[in-house]
Protein chains: 2
Amino acid sequence: MTEKTYHHGDLKNALIQAGIEILAKEGVAGLTLRKVARRAGVSHSAPYAHFPDKQSLIAAISTEGFNQLYTLLDAAILANTADPRQQLIAGTRAYTQFAIDHTDTFKIMFSSALEKEKEYPAFVEISQKTFERVVDVVRACQSAGVIRPGSPELLAVTIWGQVHGIISLALEGQIPHLVLGEHSIQEIVSFALGQMLQSQ
Amino acid sequence: MTEKTYHHGDLKNALIQAGIEILAKEGVAGLTLRKVARRAGVSHSAPYAHFPDKQSLIAAISTEGFNQLYTLLDAAILANTADPRQQLIAGTRAYTQFAIDHTDTFKIMFSSALEKEKEYPAFVEISQKTFERVVDVVRACQSAGVIRPGSPELLAVTIWGQVHGIISLALEGQIPHLVLGEHSIQEIVSFALGQMLQSQ
DNA sequence: ACCTGAACACCGTTCAAGT
DNA sequence: ACCTGAACACCGTTCAAGT
């Protein structure tokens, strides 16, 4: 069967993977179209056969990152179907761990590096799907009396925002040593989440 | 008296101002050392007499942004000395409004654009000073029974993180239309803050 | 001390050309 | 359809030179 045309059967995905690897090793500032092409073993103009511009590659990398995040989140939620409160706690832990393990992918997913995310349907879709998953858990928590009544979407934004904000501040080195010296990021996030849940 | 040597008496500050203006007009992606120099009316290598590299200019711009933010925050707090709860609400509103009014300055202050913030003492100082101001208000709220007892630093991280996270998600277009269609950012932040305060 | 202009390595993007 | 290589405009940074 057709082994490979030039270098890959699927250069598009090879480029996305190369991008994620560069992100992990050299950070956001090191992510260059030409480097990505080099790492994938093609000329610097080859990527343009698959992505109209650098923004599009970043969108594809972010989308892949969101897919991984969704998978982890979903697994954490499914592992705790008996207890909505535990679903929220485990989901939050998974989200936080993803940010710690894939710092620069996380940063690029939520950084202004991607300027017009609305132009990338796959990105919008998985990001909405992820949010919906959070809303589901919030609803379950409300039914169980763990979260107060009210718009589950608004409450989800509130909870997601808090978790996301603490992680962001931590990744940017904005959390004072006084606090980070005594608590891990996971502990701080967990403490914050605890505050939002009904105490009984 | 010495009017000006070449172009300015103070090219350093002129460059910082030019940077902030470019940020406001062209966004983070448009911020280029060469553009900053052009706007300040000097050659593209002139900035190197005042900043060792682009990172340093970004640090200076971020520091200036933090100074402005601190001023607004401080004013909001001082305008409500009688009521700690109102201090927190007004401070949060000022923080949020700064992010809305100076989106790209805000982004660069907290984005990974500044990679080694610890290397810039002025930046670290004003950022710590800002955090301390929040801690002060949290303490006052605790004394007034508006915030539960516990480490004021940890609680400050929690509150700041939530406000910061909601703003960040909003600026990145990550808050679903379903929610943003019904509430302004100020309303969402205000709702979230209300959740964190004791209801009496 | 402060600024200029040429130079270098690197980048994103385009395009004619090859298979 | 997929890829290459030359070309262009732009960038960050360096450095010898000017005042």
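The model shown is predicted, which means the values in this text are computed figures rather than measured ones. Letters A, B, ... mirror the listed sequences (proteins, then strands); counts begin at 1. No hydrogens, no waters, no symmetry mates; every other heavy atom, side chains included, goes into these values.
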Rounded to whole angstroms, how far apart are [atom1] on [X] and [atom2] on [N]?
| X | N | atom1 | atom2 | answer |
| --- | --- | --- | --- | --- |
| A:R34 | C:dA9 | CZ | P | 14 Å |
| A:H44 | D:dA7 | NE2 | P | 12 Å |
| A:Q55 | C:dG12 | CD | P | 11 Å |

Can you tell me the pairing partner of [N] across any strand shown, Watson-Crick or G-U wobble, with both distances under 3.5 angstrom?
| N | result |
| --- | --- |
| D:dC8 | C:dG12 |
| D:dC3 | none |
| D:dA17 | none |

For A:L33 and for B:S43, find the nucleotide of DNA chain C with the closest heavy atom, then tell me which residue's nucleotide is more 5'.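 Whichever sits nearer the 5' end wins; that is B:S43.
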Taking a hydrophobic cluster as the set of Ile, Leu, Val, Met, Phe, Trp and Tyr residues connected by side-chain heavy atoms closer than 4.5 Å, whether directly or through intermediates, do A:L72 and A:I89 fall within one such cluster?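 Yes, A:L72 connects to A:I89 through the hydrophobic network.
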[N], OP1 or OP2 - any side-chain N/O from [X] closer than 4.0 Å?
| X | N | answer |
| --- | --- | --- |
| A:S45 | D:dT4 | no |
| A:H50 | D:dA1 | no |
| A:R38 | C:dC11 | yes |

Option among A:R85, A:Q87, A:Q142 that satisfies the side chain to side chain contact (heavy atoms under 4.5 Å, CB included) test with A:V137: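 Result: among A:R85, A:Q87, A:Q142, A:Q87 is the only option passing the side chain to side chain contact (heavy atoms under 4.5 Å, CB included) with A:V137.
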Compare all side-chain heavy atoms of B:F131 with those of B:V157 and state whether any distance is below 4.5 angstrom.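 Answer yes - side chains close enough.
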Please confirm whether the ring centroid of B:F66 lies under 6.0 Å from the ring centroid of B:F110.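 Here the rings of B:F110 and B:F66 have centres that are less than 6.0 Å from each other.
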